[in-house]
Amino acid sequence: MADSARAKNDNSIMESPPVSPLSGREKPKQSPGSRSRYQVSAPGHSFRKVTLTKPTFCHNCSDFIWGLNGFICEVCNFMCHEKCLKMVRTVCSCMAPTQVQVPVAHCFGPAGQKKRFCCVCRKHLEGNTAVRCEVCELHAHYDCATFSCGDCRLCHQDGSQDFDMFPHHWREGNIPSGARCEVCRHTCSSSDVLAGMRCQWCGITTHAACYLIMPPECGLGRLRNMLLHPACVRICSRNFSKMHCYRISESYQNELDNLEDADRPTKESQLATTPDSGKQVLKVFDGDDAVKRSHFRLVSIPRITKNVEVVESALRAFYIPDDPLEYELQDNGQQALVDDDVLNHNGSPDNKAIFKENVPEAWLLRAKPQETEVLKIYADWLKVIVAYISISKNSTVDSVIKEVLTQLGKQVQVTSRPIKLNLVEVYMGSKQVQRQVLTGHELLLDKLQEIRKISLRQMNQTRFYIVESRNRVVQVNLLLEGLPVQLSKEEYADLLQEHLAIKSHLVTITHVYGNQGAVVLQISCFSEAERIYMLAKDTSVSNQQLTSLVLPEIMHNKLPKDDSPLLVFVNPKSGELKGRELLYGFRKLLNPHQVFDMTNGGPLSGLHTFREVPRFRVLVCGGDGTVGWVLGVLEAIRHKLVCPEPPVGIVPLGTGNDLARILRWGAGYSGEDPYHILVSVDEAEEVQIDRWTILLDAQEITDDGKENGFLEPPKIVQMNNYFGLGIDAEVSLDFHHARQEEPGKFNSRFHNKGVYLKAGLQKLSHTRNLHKDLKLQVDKQDIELPSIEGLIFLNIPSWGSGADLWGSEGDSRYGKPRIDDGMLEVVGVTGVVHMGQVQSGMRSGIRLAQGNYVRITVTKPIPVQVDGEPWIQAPGHIIISAAGPKVRMLRKSKHKQKKQSASLKEGLSESPSSSDGGQ
């Protein structure tokens with residue numbers, strides 16, 4: 001492991017770390033295979049001189065390497081000039097575990113399409129076998145991701161750590177082109193190699209040599225006022241993965257499983273080598289766990305080589321920075337091969353060990369047993385204080401704790417109360433961080449040997465912390481959705497007891513959302529919370545599948561007074577699947593606890609999480625239907641929010657995007673940088689917009705207009721944009737049916753409009769005498785309808801993807817339409833041709849009325865649509881009236897809109913510039 005070492009004597013325990021891959025380890029003897037290698041100040045690297053056969057760039061200065069010679073690290077492929085060798089400050093990938101401040105697991109998902117470099121092997125990511133962390137800027141090959149450590153962003157408190165200072169979180173490479181160093185102001189990015197450093201919170205960029213002199217505390221950059229500070233978020237996550245805590249869709253894990261299946265044939269094909277190649281490929285396992293899972297690394301070696309050199313190559317393949325003389329290769333449980341052994345002499349001179357064609361295919365890499373070791377102990381989280389303790393066969397956890405206290409100059413007791421300390425083993429895996437409190441009488445040397453037997457890579461990613469023992473209150477919050485609506489708290493409790501067998505002494509229902517069919521559970525036991533979470537995902541109530549989500553708790557009393565955190569909702573299926581990239585972009589720019597996937601629980605989870613935040617904003621990424629969904633839930637639960645009317649901004653991902661158009665957010669998302677979207681939201685102005693309630697009371701209507709009994713229960717819907725009856729709703733209904741039949745084809749805005757056009761052309765010969773099938777009253781005045789096929793009620797001056805249906809001509813009979821005037825505009829259309837002329841700007845609709853109270857009597861079934869959602873409405877009465885308070889929306893500022901068009905032409909990067917990030 002990178003934090004433990006073996007010692008030949010005790011005199012070197014407290015010496016300063018030598019130029020060795022392992023801090024605290026005695027400087028290893030130089031192996032024969034490493035005598036020609038070059039030493040640098042950055043730990044872990046093993047440079048050798050190579051002859052360049054293609055254009056190559058330096059990873060240190062990013063300049064082109066002129067000439068035929070370069071220097072490459074045999075572990076991580078770091079390439080540099082000879083002049084840059086002494087200036088290298090980037091540590092090798094094998095030393096990454098030593099750089100971790102607080103162990104946090106990654107959330108891996110499939111990589112995007114943009115050019116990226118692997119953060120482990122530093123090579124270009126090609127093909128489909130690449131992954132990325134959904135929370136930070138870690139990109140890697142699927143095979144390399146295992147060798148990255150748990151160094152993701154710390155986005156919340158879990159009750160075990162308290163931080164007085166919030167540090168930068170640096171990640172190397174994959175920064176935007178043209179980024180400048182915050183220290184020297186020179187360009188620090190590169191599109192050719194993995195170069196430069198960037199803070200994952202504030203966005204500042206520096207050179208690898210410059211970031212070391214930056215102040216350690218992070219100011220969170222330009223977006224700090226809308227960012228949910230990690231110190232204000234708490235979640236008890238011991239039994240839940242980070243994918244569960246951040247509510248990341250499980251479909252990502254299925255895609256990763258497919259990547260693993262695709263990667264195995266590639267590995268197997270590399271085993272086949274030709275006899276004349278001069279090299280052979282070995283399968284090497286790093287422990288018993290790798291053998292069980294058949295997870296191996298391929299090691300290419302010359303056909304004539306020494307055993308110690310094979311061991312050294314195997315250690316490099318597993319990114320283990322240890323002395324090869326302390327390891328050995330075993331042939332599936334047979335006698336180990338060491339440096340003095342000879343394999344297949346074949347008359348070889350000097351009695352050298354040689355691998356020939358009959359070498360076994362699979363080998364097991366083992367650590368040689370040692371009598372004593374040096375263990376590196378960290379003093380609590382985020383502290384730089386480290387103790388090096390020599391342990392032997394008789395060293396117990398209690399004895400090590402006492403020795404650590406002695407070295408650090410502390411006492412076991414203070415005057416007021418005794419302090420109980422624990423030794424915690426922390427495995428910093430890339431996908432999961434595991435913590436285990438060791439018992440006082442446990443033998444540490446046996447523990448280390450046990451870990452190494454399981455996996456040498458696991459040992460390299462394991463740390464030991466000495467922490468104060470605290471009695472922490474367990475409080476896990478789960479949101480359960482999919483329950484029957486409009487039940488009481490007692491009825492929901494009985495329902496959960498019946499289907500989930502909840503333990504009432506451990507589980508409390510804290511919030512009930514009857515209109516949404518959802519409840520929030522507070523659970524005081526980790527195992528019970530995990531059981532309910534997993535069981536709910538496989539449970540249906542009244543033929544409705546339950547949804548369970550782990551929710552964070554926002555400590556609103558810790559929020560800065562001037563902050564207004566942004567609550568982000570993203571529909572990843574909208575906008576030609578660009579919603580998925582936006583979801584990723586917002587998660588890495590903001591705190592992932594403030595970004596919610598609409599396909600995983602809807603908007604209720606986010607609004608409940610922000611229920612006690614005194615002031616916040618909302619950003620909805622989706623079409624008009626997604627915006628209406630969020631506004632509808634917000635209207636239903638606003639009485640439970642401390643901030644009942646948060647302003648709402650829009651990123652248009654739908655087909656029509658009429659509401660986004662009139663608020664200046666554009667006709668559709670065109671790939672704008674997520675960072676600039678957030679800046680635009682921060683600078684947007686607040687406006688108010690009317691919202692309307694539509695009551696659809698279906699009754700049988702006789703020819704003379706009299707009621708003759710109910711056909712179905714009344715239905716109430718909310719309207720933001722427009723409400724249509726007749727031909728336009730019929731075209732929308734045909735489009736809706738086509739999308740339901742083949743949903744996979746409707747991921748392009750251009751294709752969707754083509755289907756709309758096709759549905760409209762099919763209605764050219766259709767005639768519907770709408771004026772004979774309904775009666776209209778506006779503000780209790782009967783309106784005589786002309787011969788029309790469609791009737792549309794407008795709340796905003798945009799209809800059918802930006803058309804001005806009302807028209808801009810002045811008319812003394814009506815006032816100028818506004819989105820906040822409390823009035824609806826009533827317009828008629830004569831057919832499909834008329835609708836096409838309106839959308840092309842040749843004509844406007846037939847103005848019929850303007851008012852704030854509408855009553856419609858329908859005598860026959862008729863297609864209707866509200867904000868693009870169509871259905872067939874039975875005969876009866878339809879009443880439209882104002883829906884309470886106006887909705888606060890965010891309108892993009894005009895100057896920001898002009899800057900956006902210019903920035904798109906310039907092809908701005910996808911991340912904040914250093915000048916913005918540092919302010």
Side-chain angles (χ1 to χ4, degrees), residues 19-21 28 30-96 98-99 115-126 139-141 143-144 147-148 172-174 188-197 207-209 270 277-279 281-282 284 297-302 305-306 308-324:
V19 185
S20 167
Q30 196 175 31
S31 64
S34 62
R35 288 172 183 168
S36 61
R37 301 204 173 92
Y38 298 81
Q39 299 296 325
V40 295
S41 57
H45 289 295
S46 178
F47 282 103
R48 64 182 175 89
K49 193 173 184 179
V50 293
T51 300
L52 304 178
T53 58
K54 59 181 180 180
T56 307
F57 291 83
C58 176
H59 291 202
N60 185 66
C61 66
S62 303
D63 291 338
F64 184 77
I65 300 180
W66 297 96
L68 299 178
N69 295 326
F71 293 82
I72 188 172
C73 174
E74 295 181 308
V75 181
C76 68
N77 301 307
F78 189 101
M79 177 73 72
C80 70
H81 298 94
E82 182 176 6
K83 65 178 182 180
C84 292
L85 274 178
K86 295 182 179 180
M87 297 183 290
V88 173
R89 296 294 181 269
T90 304
V91 299
C92 183
S93 298
C94 65
M95 300 298 294
T98 66
Q99 306 300 305
K115 181 180 179 180
R116 291 289 184 268
F117 294 92
C118 178
C119 294
V120 179
C121 71
R122 311 184 70 88
K123 295 181 180 179
H124 180 237
L125 296 177
E126 297 177 348
H139 298 261
H141 297 97
D143 197 36
C144 293
F147 299 96
S148 62
E172 183 185 11
N174 296 314
C188 59
S189 63
S190 173
S191 60
D192 303 297
V193 293
L194 190 75
M197 307 292 289
H207 292 100
Q270 294 178 5
S277 64
K279 288 182 175 293
V281 180
L282 304 179
V284 180
R297 295 286 282 179
L298 300 179
V299 179
S300 177
I301 59 171
T305 186
K306 300 178 181 178
V308 67
E309 294 175 353
V310 180
V311 172
E312 188 176 20
S313 298
L315 289 174
R316 290 200 299 264
F318 285 100
Y319 295 92
I320 299 176
D322 291 353
D323 185 1

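Remember, predicted model here, so these are calculated numbers, not experimental data.
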>> Within a 6.0 Å radius of atom CD on E82, are there more than 12 heavy atoms belonging to other residues, nucleotides or ligands?
In response: no

> Stepwise, does the side-chain contact (heavy atoms from CB on, under 4.5 Å) test hold for H59 with V88?
Replying inline: CA-CA 9 Å; H59 291 202; V88 173; over 6 Å; no

> In Å, rounded to the nearest 0.5 Å, how long is the span from SG of C80 to NZ of K86?
Replying inline: 12.5 Å

>> Is there a side-chain contact between T51 and N69 in this structure, where contact means two heavy atoms from C-beta onward sitting under 4.5 Å apart?
In response: yes

> If you round to the nearest 0.5 Å, how far is SG of C118 from NZ of K123?
Replying inline: 9.5 Å

> Is there side-chain contact between V91 and T98, with heavy atoms separated by less than 4.5 Å?
Replying inline: no

>> Contact between C121 and Y319 at the side-chain level, heavy atoms closer than 4.5 Å - yes or no?
In response: yes

> Just how far is it from atom CD of E312 to atom CD1 of I301, taken to the nearest 0.5 Å?
Replying inline: 12.5 Å

> Given side chains that start at C-beta, do those of L125 and H141 come closer than 4.5 Å, heavy atoms only?
Replying inline: yes

> Going from OG1 on T90 to NE2 on H207, what distance comes out if it is rounded to the nearest 0.5 angstrom?
Replying inline: 11.0 Å

> Can C76 and H45 be said to form a side-chain contact (heavy atoms from CB on, under 4.5 Å), step by step?
Replying inline: CA-CA 8 Å; C76 68; H45 289 295; 3.5 Å; yes

> Which value, rounded to the nearest 0.5 Å, describes the distance between F71 atom CZ and L52 atom CG?
Replying inline: 10.0 Å

> If only atom types and distance count, is the side chain of H81 paired as donor or acceptor with the main-chain N or O of F64 below 3.5 Å?
Replying inline: yes

> Relative to each other, are the rings of F78 and F47 parallel, tilted or perpendicular (30° and 60° limits)?
Replying inline: perpendicular

>> Could you check whether any side-chain heavy atom of D143 comes within less than 4.5 Å of a side-chain heavy atom of R297, counting everything from C-beta outward?
In response: yes

> So which heavy atom on A317 is nearest to which on V299, and how close?
Replying inline: CB-CG2, 4.0 Å

>> Looking at every non-hydrogen atom in both residues, tell me the closest pair between A314 and V284 and how far apart they are.
In response: CB-CG1, 4.1 Å

> Taking all atoms of both residues into account, what is the closest heavy-atom pair of V75 and S46, and its distance?
Replying inline: CG2-CB, 4.4 Å

> Are any of the side-chain heavy atoms of P321 and C92 separated by less than 4.5 Å?
Replying inline: no

> Atom CG of L282 and atom OG of S313: how far apart are they, to the nearest 0.5 Å?
Replying inline: 9.5 Å

>> Checking S189 now: which residues fulfil side-chain hydrogen bond (donor to acceptor under 3.5 Å, both in side chains) with it, not counting sequence neighbours?
In response: none

>> Taking side-chain contact (heavy atoms from CB on, under 4.5 Å) as the definition, give me every residue that meets it alongside F117, ordered by chain and number, with sequence neighbours left out.
In response: K115, H124, N174, L194

